[in-house]
2 protein chains.
Amino acid sequence: MKMHNPPHPGEVLRQLCLEPLNLTVTDAARSLGVSRKALSSILNGRTGISPEMAVRLSMAFNTSAESWLNQQLQYDLWHAEKSRKSLHVARLSAA
Amino acid sequence: MKMHNPPHPGEVLRQLCLEPLNLTVTDAARSLGVSRKALSSILNGRTGISPEMAVRLSMAFNTSAESWLNQQLQYDLWHAEKSRKSLHVARLSAA
DNA sequence: ACAAGTGTAACCTATATGGTTACAGGCTGC
DNA sequence: GCAGCCTGTAACCATATAGGTTACACTTGT
């Protein structure tokens with residue numbers, strides 16, 4: 001049912017990529033070709049994973065770009081669903 | 001392999017939701033609770049599907065918000081992959 | 001004490017979403 | 001012909017996001 005608060009992709013990135021390799025934020029950012037601030041912002045849940053960042057992560061960690069964007073999608077969607085009740089939309093489909 | 005240029009979600013929206021119900025852009029926008037310009041911009045591939053818009057579509061057409069965002073993800077990712085070669089990223093993982 | 005790593009604030013930029021208004025073109029019916 | 005409706009879109013606005021640089025304070029290890 002996927003009803004639980006999905007973690008921010010930044011948490012996953014830190015736990016699954018940086019920590020196992022004992023990478024510092026500074027070093028990882030340098031390798032990714034982004035600023036230390038950009039990576040820190042993701043790791044601390046302040047910024048989402050952009051399509052370009054997903055491609056960078058896939059290159060550096062030999063993973064799937066789609067999986068990163070999918071985690072971001074789940075995270076964004078979960079928060080968007082919280083405002084579902086406040087949107088006034090008329091039903092147009094059959095049922 | 002999903003290697004083909006994915007269609008913009010706006011095309012799909014028009015063909016699968018508006019046309020079957022004989023909905024005008026004006027009427028659909030009113031029902032969705034957004035401006036006619038916002039919907040037109042999506043239908044013509046100029047704007048992506050935002051999380052909030054995905055929830056609106058799911059309410060109006062009794063569909064899954066996730067499916068709309070997934071289509072958007074595929075579309076965005078396909079374009080982001082095109083710049084993969086121009087990004088300088090150092091490999092950090094094992095292989 | 002000093003160096004390294006970290007989070008983050010302040011500032012800049014570019015881009016994206018979406019609203020309102022207004023216009024021009026295409027139909028359709030009278 | 002003309003009125004009415006639908007459409008795309010331009011111009012303008014506000015807001016939010018992503019990312020860059022610089023600088024600062026804090027913590028930790030040597």
Side-chain angles (χ1 to χ4, degrees), chain A residues 8-11 13-15 17-60 65 68-69 71-73 75-80 82-83 86-89 92, chain B residues 8-11 13-15 17-60 65 68-69 71-73 75-80 82-83 86-89 92:
Chain A
H8 189 282
E11 295 179 38
L13 177 57
R14 172 171 267 142
Q15 290 169 18
C17 298
L18 299 206
E19 292 182 350
L21 297 174
N22 263 315
L23 280 169
T24 68
V25 178
T26 304
D27 285 346
R30 197 162 26 228
S31 296
L32 287 166
V34 300
S35 72
R36 182 172 64 90
K37 181 212 166 194
L39 180 56
S40 171
S41 193
I42 289 173
L43 292 174
N44 292 288
R46 229 157 276 106
T47 294
I49 303 224
S50 66
E52 182 186 303
M53 190 63 75
V55 172
R56 288 182 189 274
L57 293 174
S58 75
M59 294 169 75
W68 291 112
L69 290 180
Q71 286 180 61
Q72 188 62 51
L73 184 157
Y75 182 82
D76 290 342
L77 180 55
W78 193 84
H79 289 285
K82 295 198 299 186
S83 53
S86 66
L87 305 177
H88 26 85
V89 175
L92 287 169
Chain B
H8 189 282
E11 296 179 37
L13 177 57
R14 171 170 267 143
Q15 290 169 18
C17 297
L18 299 206
E19 292 182 351
L21 296 175
N22 263 314
L23 279 170
T24 68
V25 178
T26 305
D27 283 347
R30 197 160 28 224
S31 296
L32 286 166
V34 300
S35 72
R36 183 171 63 89
K37 182 211 167 195
L39 180 56
S40 170
S41 193
I42 289 173
L43 292 174
N44 293 288
R46 226 157 281 106
T47 295
I49 304 225
S50 66
E52 181 185 303
M53 189 65 74
V55 173
R56 288 181 190 272
L57 293 174
S58 75
M59 294 169 74
W68 292 111
L69 290 180
Q71 287 181 57
Q72 188 62 51
L73 185 156
Y75 182 83
D76 292 342
L77 180 55
W78 193 84
H79 290 285
K82 295 198 298 186
S83 54
S86 67
L87 304 178
H88 26 86
V89 175
L92 287 169

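All of these numbers come straight from a predicted model, not from anything done at the bench.
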Rounding to a whole Å, what distance do you find between [X]:[atom1] and [N]:[atom2]?
X     : N      : atom1 : atom2 : answer
A:H79 : D:dT17 : NE2   : C1'   : 15 Å
B:L32 : C:dG18 : CG    : C1'   : 14 Å
A:L18 : C:dG5  : CG    : P     : 14 Å
B:D76 : C:dA16 : CG    : P     : 10 Å
A:I42 : C:dT8  : CD1   : C1'   : 15 Å
A:M53 : D:dT17 : CE    : P     : 16 Å
A:N22 : C:dA4  : CG    : P     : 18 Å
B:L43 : D:dT9  : CG    : P     : 11 Å

**Report entry** Minimum-distance pair of heavy atoms, taken over all atoms of A:V89 and B:L32
**Finding:**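 Heavy atoms of A:V89 and B:L32 come nearest at CG2-O, 3.5 Å.
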
Report task. May I ask you to verify whether the side chain of A:R36 and the base of C:dG5 hold a donor-acceptor pair under 3.5 Å? Result ->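 In this structure, the two groups form no donor-acceptor pair.
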
Under 4.0 angstrom, heavy atoms only, what part of the nucleic acid is [X] near: base, sugar-phosphate, or nothing?
X     : value
B:T24 : sugar-phosphate
B:R14 : sugar-phosphate
B:S35 : base
B:R30 : nothing

Requested in this report: Could you pick out which residue, B:D27 or B:K37, lies toward the 5' side of DNA chain D when each is mapped onto its nearest nucleotide?
Outcome: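 The residue closer to the strand's 5' end, by nearest nucleotide, is B:D27.
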
**Report entry** Given DNA chain D, 5'-ward residue of the pair A:I49 and B:L23, judged by closest heavy atom
**Finding:**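 Result: B:L23.
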
Using side-chain heavy atoms (C-beta onward) and a distance below 4.5 Å, is [X] in contact with [Y]?
X     : Y     : result
B:C17 : B:L13 : yes
B:I49 : B:Q71 : no
B:L92 : A:L23 : yes
A:K82 : A:H79 : yes

Phosphate OP1/OP2 of [N] contacted by [X] side-chain N/O (<4.0 Å):
X     : N      : value
A:T47 : D:dG19 : no
B:S41 : D:dG8  : no
A:S50 : D:dT17 : no

